[in-house]
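Atoms within a ligand are numbered from 1 in the order they appear, just like the ligands themselves.
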Amino acid sequence: MATENNKCLLFKRIEFSEILPVWQCLLWPDRESVIETHSAMAWPCSDNPDEIDMKIFEYQPTFWGAYRENKLVGVNSGHRTTLSQYRSRGIWVDPDHRRQGIAQTLFALTEHQAVLEKCEMMWSMPRISALGVYQTHGFICQGNVFETETSPENIYVKKDLI
Ligand SMILES: CC(C)(COP(=O)(O)OP(=O)(O)OC[C@H]1O[C@@H](n2cnc3c(N)ncnc32)[C@H](O)[C@@H]1OP(=O)(O)O)[C@@H](O)C(=O)NCCC(=O)NCCS
């Protein structure tokens, strides 16, 4: 009999309408602000220190899903925040399917998309509780720990792509 570990995983692009319920109910259940396709937050450590930039909504977002036996068991998304910077946003893996490398594959797909879109770096702002998973993918920390609407302790991370 097949164990969870060797049941086939399928990774594919999904729509915002598919990722939204996962984000709403499972990743950010206490969030009060509307969850949109993009975040307008810019990378704060660049030459342009404006933290909010509505032009970000002009970039095309990409949503990724991991499926096991037709069940959505992991998600992530990404979009440019400038012509050369790419944000990884909203990674989540079903508790029954964690510690099997699903997040690493979702990061790899997100990074591949960033490279296709000619970005030089990828950034995110993980919860401290998930930081190790980001570091395993090669993200490095930048700046100090800060609070957000969805987590008391977050930190900026980045990975150079060239
Ligand atoms: C953070 C999260 C996305 C990680 O997903 P995941 O698929 O379990 O991550 P991975 O399997 O790629 O890596 C998790 C750990 O499992 C380990 N691992 C990977 N494959 C493994 C395997 N086959 N056997 C045992 N351990 C393994 C990794 O080394 C990693 O260890 P680390 O934390 O010491 O780096 C998931 O725990 C989650 O959804 N958490 C709640 C939501 C959340 O916090 N999201 C991030 C918001 S910023």
Numbered atoms of ligand 1 (with element) below 4.0 Å of [X], judged on heavy atoms:
X	result
Leu27	42 (C), 43 (C), 45 (N)
Ala130	1 (C), 44 (O), 46 (C)
Gln104	12 (O)
Pro126	48 (S)
Gly132	35 (O)

Problem set entry | Given Met122, Gln142, Gln85, the one that forms side-chain contact (heavy atoms from CB on, under 4.5 Å) with Lys158 |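 With Lys158 as partner, Met122, Gln142, Gln85 yield a single side-chain contact (heavy atoms from CB on, under 4.5 Å), made by Gln142.
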
Contact check: [X] vs ligand 1, nitrogen or oxygen atoms, below 3.5 angstrom:
X	value
Tyr134	no
Trp92	no
His97	no
Gly101	yes
Val93	yes
Ser129	no

Exercise. Would a line drawn from the ring center of Tyr59 to the ring center of His79 be shorter than 6.0 Å?
Worked result: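 For Tyr59 and His79, the ring centres are not under 6.0 Å apart.
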
Would you mind telling me if ligand 1 is within reach of the side chain of [X], the backbone, both or neither, using heavy atoms under 4.0 Å?
X	value
Thr136	side chain
Ala103	both
Asn154	neither

Exercise. Counting heavy atoms only, which of His137, Met125, Arg98, Arg127 comes nearest to atom 44 (O) of ligand 1?
Worked result: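 Residue with the shortest heavy-atom distance to the ligand atom: Arg127.
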
For this session: Look at atom 46 (C) of ligand 1 and find which of Asn76, Ile91, Asp94, Ile155 reaches it with the closest heavy atom.
Result: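 The nearest heavy atom belongs to Ile91.
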
Problem set entry | Arg87 side chain near Met125 side chain, heavy-atom distance below 4.5 Å |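 Sidechains of Met125 and Arg87: in contact.
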
Exercise. If we only count heavy atoms from C-beta on, is the Val133 to Gln104 side-chain gap below 4.5 Å?
Worked result: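 Heavy-atom side-chain distance check passes, below 4.5 Å.
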
For this session: Would you give the length of the straight line joining atom CD of Glu15 to atom CZ of Arg13, rounded to the nearest 0.5 angstrom?
Result: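 So the gap between those two atoms works out to 10.0 Å.
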
Exercise. With clusters built from Ile, Leu, Val, Met, Phe, Trp and Tyr whose side-chain heavy atoms come within less than 4.5 Å, directly or transitively, what are the remaining members of the cluster of Ile19, listed by chain and number?
Worked result: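 Besides Ile19, the cluster holds Leu10, Ile14, Phe16, Leu20, Val22, Trp23, Leu26, Leu27, Trp28, Ile35, Phe63, Tyr67, Leu72, Val75, Trp92.
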
Exercise. Among all residues two or more places apart in sequence or in another chain, which pass the salt bridge (charged side-chain N to carboxylate O under 4.0 Å, His left out) test with Lys71?
Worked result: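 With sequence neighbours excluded, Lys71 shows a salt bridge (charged side-chain N to carboxylate O under 4.0 Å, His left out) to Asp94, given in chain and number order.
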
Exercise. Under 3.5 Å, is there a donor-acceptor pair linking the side chains of Thr81 and Asp53?
Worked result: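 Looking only at side-chain atoms, Asp53 and Thr81 do not form any donor-acceptor pair under 3.5 Å.
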
Exercise. When you look at Thr62 and Glu117, which way does the side chain to side chain contact (heavy atoms under 4.5 Å, CB included) test go after all the steps?
Worked result: CA-CA 11 Å; Thr62 302; Glu117 295 187 32; 4.2 Å; yes

Exercise. After noting the C-alpha distance and the side-chain angles of Thr105 and Trp64, does the key distance pass the side chain to side chain contact (heavy atoms under 4.5 Å, CB included) rule?
Worked result: CA-CA 10 Å; Thr105 302; Trp64 294 103; over 6 Å; no

